[in-house]
Amino acid sequence: MGDTQAPEHDGASLAGQWWRSAAIYQIYPRSFADGNGDGVGDLAGVRAHLSYLSELGIDAVWFNPWYASPMADAGYDVADYRAIDPLFGTLGEAEAFIREAHEVGIRTIVDIVPNHCSDEHPWFKEALLAGPDAAVRDLFWFRSGRGEHGELPPNNWSSIFGGPAWTRTKNPDGTDGEWYLHLFAPGQPDLNWENPKVREEFEDVLRFWFDRGADGVRIDSAALCLKDPTLADFDPADPPSPHPFEDRDEVHDVYVSWRRIADSYPEPRALIGEVWLPEEPERFALYLRPNELHTAFNFDFLGCPWDAAAMRKVIDDGIALHAPVGAPPTWVLSNHDVIRTVTRYGREDTRFTLDYRQFDAPSDLALGTRRARAAVMLLLALPGSAYMYEGEELGLYEVMDIPAEMRQDPMFFQTNGVNLGRDGCRIPLPWSGEARPFGFSPDGAAGAPWLPQPADWADFTVERQQADPSSMLWLYRDALRARRSEPGLGDGSMTWLPTGPDVLAFARDGDFVCMVNLSGEPVDLPAGATVLLASGPLDGDRLGTDTAVWLRRSAGSR
Ligand code: NOJ
């Protein structure tokens, strides 16, 4: 450890409803830092870089799953929710991290995966062994197949990763057996949330992590847990309402009881939902009612094109949606499931959609980087909390040319390579040096990084950026530091200021202003304002294209 800095946080920032304002850094443990030299990131690596996290100036980290898992979906297939996978370390190391992070004022959010577990989970193994009609099968969705010999899946549902959502089992005697439902990979059988044992188990898992000091949970696929028990066929292009497995009313009971658990701790724990409901914002807000989740990611912002009118609308809609339920908006530009921001913003079409064809689009990375710099200043100035995905602070781009034989994402395999999947945003971080693995693994490590790093990531290392005050890393550090010291930032309200159509400018409480120029021309800065931070060079009193600035307004200009 050694080089951990004294905490900058004061007692107040650790009290109360921290999730309303927090800047949260997402750690994808496989790719953050490798402590033991096997080429896969681990807890030893994260602990060795705690000072990096502390110096970055974040309030919390969210860990993608670190549990025991056969890794059919990079750990989102959990075999034991109370154990750390040996690839990542031990439970003792996880507890030590949570403790050490608290000492430097950083909270820990763990990922809970309730929709499905792993086919290596003891319940599923027992269900397979027990055969049809066994009570343990009711923990999952086992059904007989259709067709004369049960050779067809029980219904027409597709996996979100591609292919059918059902896999046929073998009976204990080797004959063909029932099918089981998996909305994701075959290694991720869906749990049956109608069964009280499933509910009890997850409530116990929550307490397990909260008792170990976890400050919150990110809830994976939070809107999918409940299913239409009739498992009827449907047309995905014209789904019925209610949908057979998305956002069913009954799912809210689960989170009402989770909230009681979170609130039962002297310092309440936070529940953060992964709820993708782009078409139904009003239903999204239902998850954030005062007795349910505390926050949920705003994926509309993540998908929004680099366009002032679209951004303004997404921001306004996001704020308006959260206001009636009293929840803070939660802004995010990228995560481990989507294309890296600098690549997206360098394309002609700057939206993120789940449309795989976008993988073919060329990207102007210099342009994308300029915009990503401006975008993070926008992100951090908006009211509410903000999430940043590891590597964003280094300006990493999406790696498109991973050889097929090295790819790992089940999405790639389940679509027969039509969808390249998500490996390109999961490449191990470059820390130092001129040659691969760029300090990701210790010197002389036995294993190469689990996904190949591009040779030009020598230019993106933490070491290189540390020495360059104009680097992306310093922009993140400076912005996070400024955000902390500005009382008007984080939770609260904002007011749009009059500007030209392709410029965003808004004031936060007090005299703070954020201005982003998405037009093709430089624009004038407000007279008499003091520049606190800029995402790129300023041209005297003018703000260039694709540049953001934080300002202190003069008293007379309000
Ligand atoms: C959402 C997660 O973010 C993603 O990575 C995962 O593949 C699916 N849920 C299934 O758990």
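Order of appearance sets the numbers: ligands from 1, and atoms from 1 within every ligand.
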So if I count the atoms of ligand 1 from 1 in the order they appear, which ones are less than 4.0 Å from some heavy atom of [X]?
X    : result
R426 : 5 (O)
F161 : 7 (O)
R422 : 4 (C), 5 (O), 6 (C), 7 (O)
H336 : 2 (C), 3 (O), 4 (C), 5 (O)
R218 : 2 (C), 3 (O)
F184 : 8 (C), 10 (C)
H116 : 10 (C), 11 (O)

Would a distance-only check, ignoring hydrogens and angles, find a side-chain to backbone donor-acceptor pair under 3.5 Å from Q453 to P428?
yes
Quick check: does any side chain N or O of R289 sit under 3.5 Å from a backbone N or O of L286, one acting as donor and the other as acceptor?
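Answer holds: yes.
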Going by an N to O cut-off under 4.0 Å, is there a salt bridge joining [X] and [Y]?
X    : Y    : result
D409 : R407 : no
R30  : D85  : no
D211 : R207 : no

For [atom], which protein heavy atom lies nearest, and how many Å away is it?
atom                   : result
atom 6 (C) of ligand 1 : D73 OD2, 3.4 Å
atom 5 (O) of ligand 1 : D337 OD1, 2.7 Å
atom 1 (C) of ligand 1 : D220 OD1, 2.8 Å

To the nearest 0.5 angstrom, please state how far the CG atom of D215 sits from the CZ atom of R269.
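Answer rounded to 0.5 Å: 6.0 Å.
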So, do L396 and E390 sit near enough that their side-chain heavy atoms are less than 4.5 Å apart?
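The answer is no, as the side chains (C-beta and beyond) never meet within the 4.5 Å cut-off.
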Does E201 have any salt bridge (Lys or Arg N to Asp or Glu O under 4.0 Å) partners at least two apart in sequence or in another chain, and if so, which?
R82
Under a heavy-atom criterion of less than 4.0 Å, does M411 contact ligand 1?
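Judged by the 4.0 Å heavy-atom criterion, M411 does not count as contacting ligand 1.
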